[in-house]
Amino acid sequence: QVQLVESGGGLVQAGGSLRLSCVASGSMRGINAMAWHRQAPGKERELVATITSGGSTNYQDSVKGRFTISRDSAKNTVYLQMNSLKPEDTAVYYCCVNILTWARPGAYDYWGQGTQVTVSS
């Protein structure tokens, strides 16, 4: 069984910073891409940033230059450093990790429980 545990959310003033972490644990053969998504109240969940197993990154246009996604493969952890936060960044942030397990063939996406980020103006 695989589990993703997120941490690092909270309340911050506009212009401030937060760092989110997501640790994957359980019976894993390997980890492929890792990503962060977010969902604001009344809106659909959207992709924020991705990082491949090789370290290539991609970002949603609205966060480019402000957010940085990174990973520590030895710790099965993905991070999201968020700087210059804006009120419109307020949302529940979810990590999503593509994982190969011993339990079944193929790789599947696993999701964290979500962490609330609130940016006050």
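Residue numbers run from 1 in the order of the sequence given.
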Quick one: does [X]'s side chain have a donor or acceptor within less than 3.5 Å of a partner on [Y]'s backbone?
X    : Y    : result
Q13  : S120 : no
T90  : E88  : no
R104 : L100 : no

Using the side chain to side chain contact (heavy atoms under 4.5 Å, CB included) rule, take L80 and T68 through it: C-alpha gap first, then chi angles, then the decisive distance, then the call.
CA-CA 6 Å; L80 186 67; T68 302; over 6 Å; no
What are the two closest heavy atoms between [X] and [Y], and how far apart are they?
X   : Y   : answer
I69 : Y59 : N-OH, 2.9 Å
Y93 : E6  : O-OE1, 3.2 Å
G8  : L18 : O-CD2, 3.8 Å

Cation-pi check, R71 to Y79: give yes when NZ or CZ is under 6.0 Å from the six-membered ring centre and within 45° of the ring axis, no otherwise.
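Judged by the rule (NZ or CZ under 6.0 Å from the ring centre, within 45° of its axis), R71 is not positioned above Y79.
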Y94 six-ring centre to R38 NZ/CZ under 6.0 Å and within 45° of normal
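Judged by the rule, R38 and Y94 form no cation-pi pair.
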Under 3.5 Å, is there a donor on one side chain and an acceptor on the other for N58 and T50?
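No pair is found: no donor N or O on one side chain lies under 3.5 Å from an acceptor on the other.
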Does a donor on one side chain and an acceptor on the other come within less than 3.5 Å for T118 and Q116?
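Present: a donor and an acceptor within the cut-off.
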Hey, could you give me the [atom1]/[atom2] distance between [X] and [Y], rounded to the nearest 0.5 Å?
X   : Y    : atom1 : atom2 : result
D89 : S84  : CG    : OG    : 9.5 Å
N98 : Y108 : CG    : OH    : 10.5 Å
I99 : L4   : CD1   : CG    : 5.0 Å
L47 : Q60  : CG    : CD    : 7.5 Å
R19 : F67  : CZ    : CZ    : 14.5 Å
Q3  : M28  : CD    : CE    : 10.5 Å

What I'd like to find out is whether the side chain of Y110 reaches to under 4.5 Å of the side chain of C95, using heavy atoms alone.
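A side-chain contact under 4.5 Å is absent here.
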Any heavy-atom pair between the side chains of M82 and S17 that's under 4.5 Å?
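When only atoms from C-beta onward are counted, M82 and S17 do not touch, as no gap falls below 4.5 Å.
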Among residues at least two apart in sequence or on other chains, which ones pass side chain to side chain contact (heavy atoms under 4.5 Å, CB included) with A14?
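Checked A14 against side chain to side chain contact (heavy atoms under 4.5 Å, CB included); matches are P87, V119.
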T115 vs V92, side chain to side chain contact (heavy atoms under 4.5 Å, CB included): CA-CA, chis, key distance, verdict:
CA-CA 5 Å; T115 185; V92 178; 6.0 Å; no
Evaluate the criterion salt bridge (charged side-chain N to carboxylate O under 4.0 Å, His left out) for residue pair D61 and K64; output intermediate values, then yes/no.
CA-CA 5 Å; D61 284 347; K64 284 180 181 177; 3.0 Å; yes
